[in-house]
Amino acid sequence: MPNARDLPRDRPDVWSWHAPGPTGVSTLDLSLHVEPLVLGWNRALSRVEEPTVDSVRLIEPPLEVISVKVVPPSVPVRSFTFPEPAPLDFPAQADSTVPASPKGIAGWTAKRDAAATRPASSTRIKPPGDVIKLADRLQYLLQPSLESLLAQRSLEFPLRPFAYQMEGVAFLYPRHAAILADEMGLGKTMQAITAIRLLLRCGEVRSVALICPKPLVSNWQREFSLWAPEIPVLAIEGDQAQRRWQWRLPTIPVKIANYELLHRDREVFESRDASGRAEVRFDLVVLDESQRIKNRSSVTHQAACAISRRRSWALTGTPVENTPEDLVAIFEFLLPGLLSSGMKPRRMGRAVRDYVLRRTQDQVLADLPPKLVRDAEVELTPEQQTSYRLAEDEGVLRLTELGESAAIQHVFELVLRLKQICNFDSATGASSKLERLVADLDEVAASGRKALVFSQWVETLQRLARHLACFGPLEYHGRVPAHRREPILRQFRDDPRCHVLLMSYAAGGLGLNLQCASYVFLFDRWWNPAVEDQAIHRAHRIGADGPVTVTRFLAVGTIEERINRILEEKRELFETIFPDAAHSCRLGLSGEELFGLFDLKFPGGPINKAA
């Protein structure tokens, strides 16, 4: 800033400025000299040591080997040897045939190849898969062969059993839950009776209840008298008070009852004593034709499950008729909880593998006469075609008008109506099937043979009887009284003038031996192929003298042809569950399949399965 004294006094508004002198600069040395101070590990690491190496020669001493001989300890062993089984006392082979019996294998011809029919020399009783304890498994493994047990108990047989039947007895004997599911005609009755006989003689069981369809009660009594004549057997019958007394009889080891009485006497099985135990108990309950309890909601199924028992067996040639639920229901009686609804078929098959024994005729009987199956395709007569088209058009029109309200029973009514027209024209009585049947029966009668003719309608059988009078027809169906049925079968077997037996699927499809028939005609088709197989096996079974020819009538271009395509598919499920079986069945006709027979859309809603 200018100094005041430098300003001119006469010019106070003028200022002057002089630059200051140069700034003084001083230099300061700020460099530092640092010397590291090495202490401790740092100092040690900085030192470099020269290693001293000394060489020492190692002299290895010779190795010494010591050999020790290990002697196995002495284990005490107790061995058991069983003598060879004594030959069973079979009757000598004869040239004549044994009189036929209504069920089982009593109708075998006694003249057979001994080498093919001799039982295995050693049929072992294998422990079931559910036996856990070692002692229990050894109990079965150390037992002598089945042949030895039978010989020791002095059990005689009227005929020599087949080897596979001995295996069936060995399968049933140790099991508390089992299904003998052999194909029809392989002698499930004989195997069950022999297993029961052996259990009774060995003291394993003391009381047995055998439940079967009503027409088979007398058959079981006959078979017990043949295969186990020493065992007292009682058929439950009479009024309610008498039946209640019979159920409680302690001196009769085997009691036989039909499924209808089982339902009526349910309170007998549900009654309890003061300690809460069932008053009527059995060591073994056997259900013959166990598909009768396939409906778990039925009173028959509930009554069977109400019986107090230690062992449960089931005999059936068709453990699965329509759906896997059939098998679930049977196992609810045998072993509750093993199966459940909704299980996959393959998983179900693995679960029941140890409890089910299934053999087919083709598997075990190499010498069984062949079965020739042929489909006789026939064209409807002009009268039948007119009636058929009219009935189908009216029926489809009605279903279409019903729309969403159309139900399964409406479709069934139409299907049954059309199937009846395929048999006979309702107006004129014309029938192309009858014409074909008469032509075939002419040859049957000329050769001195016999034939079975099956239909699902009694009216059809009665109409056939009038048209086939020249062949000496006999009728066997639900309208024939029970006391007349056995004489009818006897007359058919023995009377050479009777060439035809007209049978319904329901009455003649189970439990009968008719090996005298060489021909089987299915006049109309059933919903389920298993039922048809049962009917065919009335003739094609052990004891058949020659080939059995099966003719299945099929009206071309009708509802029968459409149903046949579905029936062929129904055999897949059974094969999935029982892969070793030769015959199978699939699901029953679904709602979509039924409506699809007439190219109609299924409206939905609950479905009642076809039988």
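Note that the coordinates shown come from a computational prediction; the quantities given were computed from them, not determined experimentally. For this chain, numbers begin at 1 and follow the sequence in order.
A donor-acceptor pair under 3.5 Å is absent between the side-chain atoms of K255 and the main chain of S207, judged by distance alone. At distances below 3.5 Å, not a single donor-acceptor pair connects side-chain atoms of D265 with backbone N or O atoms of V268. Panel note: side chain R175, backbone D354; a donor-acceptor pair is recorded below 3.5 Å. With hydrogens and angles ignored, the 3.5 Å screen pairs no side-chain donor or acceptor of R309 with any backbone N or O of L284. In this structure a side-chain-to-backbone donor-acceptor pair under 3.5 Å is present from R358 to G317.
Remark: H176 NE2 is packed, more than 12 non-hydrogen atoms of other residues, nucleotides or ligands lying under 6.0 Å away. Heavy atoms of other residues, nucleotides or ligands lying less than 6.0 angstrom from CZ of R347 number 12 at most. The neighbour count for R281 CZ, taken as heavy atoms of other residues, nucleotides or ligands under 6.0 Å away, is above 12.
W227 has its side chain out of reach of T189: every pair of non-hydrogen atoms, C-beta onward, lies at least 4.5 Å apart. In this structure, M343 and P324 have side chains that are not in contact, with every pair of non-hydrogen atoms separated by 4.5 Å or more. Two residues are said to be in side-chain contact when any heavy atoms from C-beta on lie closer than 4.5 Å; L501 and L514 meet this criterion. Considering only heavy atoms from C-beta on, D524 comes within 4.5 Å of W457 through its side chain. With contacts defined as side-chain heavy-atom distances shorter than 4.5 Å, the pair V356/F331 qualifies.
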Just do the side chain to side chain contact (heavy atoms under 4.5 Å, CB included) check on Q191 and D182 with the steps written out, would you? CA-CA 10 Å; Q191 299 175 62; D182 284 348; 3.2 Å; yes

Starting from the C-alpha separation in whole Å, work towards a yes-or-no answer on side chain to side chain contact (heavy atoms under 4.5 Å, CB included) for T194 and F157. CA-CA 9 Å; T194 303; F157 292 89; 3.6 Å; yes

For a side chain to side chain contact (heavy atoms under 4.5 Å, CB included) check, start with the C-alpha distance between E279 and R272, then their side-chain angles and the critical distance, and finish with the verdict. CA-CA 5 Å; E279 294 183 358; R272 297 290 186 268; 5.7 Å; no

Can you list the steps and then say if Q491 with L474 is a side chain to side chain contact (heavy atoms under 4.5 Å, CB included)? CA-CA 9 Å; Q491 182 182 359; L474 298 173; 3.9 Å; yes

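A salt bridge links R479 and E459; the closest N-O separation between the charged side-chain nitrogens and carboxylate oxygens is under 4.0 Å. Between K188 and D288 there is no salt bridge, since no side-chain N of the basic residue sits under 4.0 Å from a carboxylate O of the acidic one. Salt-bridge formation is detected for the pair R222/E486: a Lys NZ or Arg NE/NH1/NH2 atom is positioned less than 4.0 Å from an Asp or Glu carboxylate oxygen. The pair R525-E532 meets the salt-bridge criterion, since a charged nitrogen lies less than 4.0 angstrom from a carboxylate oxygen. Classification of R310 and D283 as a salt-bridged pair holds, one side-chain N sitting under 4.0 Å from a carboxylate O. No salt bridge links K294 with E325; every basic N to acidic carboxylate O contact stays at or beyond 4.0 Å.
When the ring-ring contact (aromatic ring centres under 6.0 Å, His included) test is applied to Y259, no partner is found at least two apart in sequence or on another chain.
Contact detail for V328 and S341: the closest heavy-atom pair is CG1-N, 4.4 Å. Nearest heavy atom pair, residue I236 against residue Q246, reads CA-OE1, 3.4 Å. Of all heavy-atom pairs between S455 and L461, the closest is CB-CD2, 3.7 Å. Minimum heavy-atom separation, I252 to P232: CG2-O, 3.9 Å.
R485 forms a cation-pi arrangement with Y476, by the criterion of a distance under 6.0 Å to the ring centre and an angle within 45° of the ring axis.
Remark: aromatic rings of F269 and W247 are close, center separation under 6.0 Å. The aromatic ring centres of Y164 and F162 sit less than 6.0 Å apart.
At a cut-off of 3.5 Å, with distance as the only test, a side-chain donor of Q240 or E267 sits close to an acceptor on the other residue. In this structure, a donor-acceptor pair under 3.5 Å is absent between the side chains of Q165 and E167.
Put simply, the residue from E156, E223, E230, E204 that forms a salt bridge (Lys or Arg N to Asp or Glu O under 4.0 Å) with R197 is E230.
Ring geometry, W526 versus Y505: the interplanar angle falls from 30° to 60°, so the pair is classed tilted.
Applying the side chain to side chain donor-acceptor pair (under 3.5 Å) definition to pairs two or more places apart or across chains, those involving residues 298-308 are R266-Q302.
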